[in-house]
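Labels below follow one simple rule: chain letters A, B, ... track the order of the sequence lines, proteins then strands, and each chain is numbered from 1. Quantities reported herein were computed from a predicted structural model and do not represent experimental measurements.
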Number of protein chains: 2
Amino acid sequence: MRDERFCASNCPFTRAIGTIGNKWKPIIINVISTRTVRFGQLDSIIPLISRKVLTEQLKELEEDGLLERLAYKELPPRVEYKLSEKGLAFLPILESIKEWNCKYEVALTPKAHDRVTYAQ
Amino acid sequence: MRDERFCASNCPFTRAIGTIGNKWKPIIINVISTRTVRFGQLDSIIPLISRKVLTEQLKELEEDGLLERLAYKELPPRVEYKLSEKGLAFLPILESIKEWNCKYEVALTPKAHDRVTYAQ
DNA sequence: TTATCTGGTTACTGCGAGGTAACCACAAAT
DNA sequence: ATTTGTGGTTACCTCGCAGTAACCAGATAA
């Protein structure tokens, strides 16, 4: 899940990609953002992710110091996640990605086949 | 390789992550940077990637408009890759990631076991 | 008594990402 | 005649990511 060869690289950029360079972590960080979010909320907000993978990703993010896990000893249990200073410092990067995408993402041009069909 | 469910999302951020949110693409973009690089150079510069995967990633990056492929009809063949405007616009984001990592990546603290060993 | 709620964990399983190795064209060099 | 250089493509196979389903505690509600 986390690529050990990347994390063991002597290139800091490669290590960074080894840490946050997968599809779920930027999504999770973006969802948490500046809030405090419970596990169940993340599970329902993020489409398509399974509880198992969500648990794994959260654990890795915590290990890498991007977020903090607050477990309350209640029943039923309550666990809250919030970004650490490091995680919060990553948010502007996600904003840049959003801006970059909105500026450069081309509207999907219909395929030639479809265009001909409609033109007739 | 590219997650179709991400790319089909109606959330632009999710689509962006579906496009560049994997481990190889940021590395490739960072290596090409402002240069014009040949296939063989990428193959030798980037450690651990196979030619097959490199080809696939380059093709996807081209399809997504991040880079341009220049094939010269020579023998032996020569193919050069360079970033498009969209790809170049992504470089500052990679720089931000480098800065973010250097600022917040904690030096791996030796485990308690090792520390005790050395202390003795 | 039984269901519900929460945040997981575990075992089982399948699919596909990705690695390896062989192969291609064709010119120039040896 | 054979090797080398270049940028791939293809078939084959394996490993592991990730999905599913079952299970857990234990208090509260119905």
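- Residues from residues 16-39 of chain A with heavy atoms under 4.0 angstrom of DNA chain C, sorted by number: Arg38(A), Phe39(A).
- Listed by residue number, Ser50(B), Lys52(B), Val53(B) are the residues of residues 49-62 of chain B with a heavy-atom contact under 4.0 Å to DNA chain C.
- If you run salt bridge (Lys or Arg N to Asp or Glu O under 4.0 Å) between Asp64(B) and each of Arg2(B), Lys59(B), Lys86(B), only Arg2(B) comes through.
- Ionic pairing of Glu80(B) and Arg69(B) is not present here: no N-O contact between side-chain nitrogen and carboxylate oxygen is shorter than 4.0 angstrom.
- One can place CD of Glu4(A) at 18 Å from P of dC15(D), the figure rounded to the nearest angstrom.
- Classified by interplanar angle (parallel below 30°, tilted 30° to 60°, perpendicular above 60°), the ring pair Phe90(A)/Trp100(B) is tilted.
- Protein atom CG of Asp43(B) is 13 Å distant from nucleotide atom C1' of dG19(C), rounded to whole Å.
- Each of Thr19(A), Leu67(A), Ile32(A) was checked for a side-chain contact (heavy atoms from CB on, under 4.5 Å) with Leu61(A), and the lone residue meeting it is Leu67(A).
- Residue Ile17(B) comes nearest to Pro26(A) through the heavy atom pair CD1-CB, 3.6 Å, listed as atom of the first residue, atom of the second, then distance.
- A salt bridge is absent between Arg38(A) and Asp43(A); no separation between the charged side-chain nitrogens and carboxylate oxygens falls under 4.0 Å.
- Arg2(B) comes within contact range of no nucleotide atom at all, as no heavy-atom separation falls under 4.0 Å.
- The residue among Arg5(A) and Arg78(A) whose nearest nucleotide of DNA chain C lies closer to the 5′ end is Arg78(A).
- Comparing Leu48(B) and Leu75(B) by the nucleotide of DNA chain C whose heavy atom lies nearest to each, the residue mapping closer to the 5' end is Leu48(B).
- Mapped onto DNA chain D by nearest heavy atom, Pro77(A) and Gln41(B) fall at different nucleotides, with Gln41(B) at the one closer to the 5' end.
- Following rounding to the nearest Å, Arg69(A) (CZ) and dG7(C) (P) show an atom-to-atom distance of 10 Å.
- Straight-line distance from the CD atom of Glu74(A) to the C1' atom of dG8(C): 16 Å, rounded to whole Å.
- Heavy-atom contacts from other residues, nucleotides or ligands closer than 6.0 Å to CD of Glu85(B) number 12 or fewer.
- The nearest pair of heavy atoms linking Ile45(B) to Arg35(B) is CD1-NH2, 4.2 Å.
- No engagement by Tyr72(B) is indicated, since no non-hydrogen atom pair under 4.0 Å with the nucleic acid exists.
- Under the 6.0 Å distance and 45° angle rule, Lys98(B) counts as a cation-pi partner of Phe13(A).
- Between the P atom of dT6(C) and the CD atom of Glu80(A) lies a distance of 13 Å, rounded to the nearest Å.
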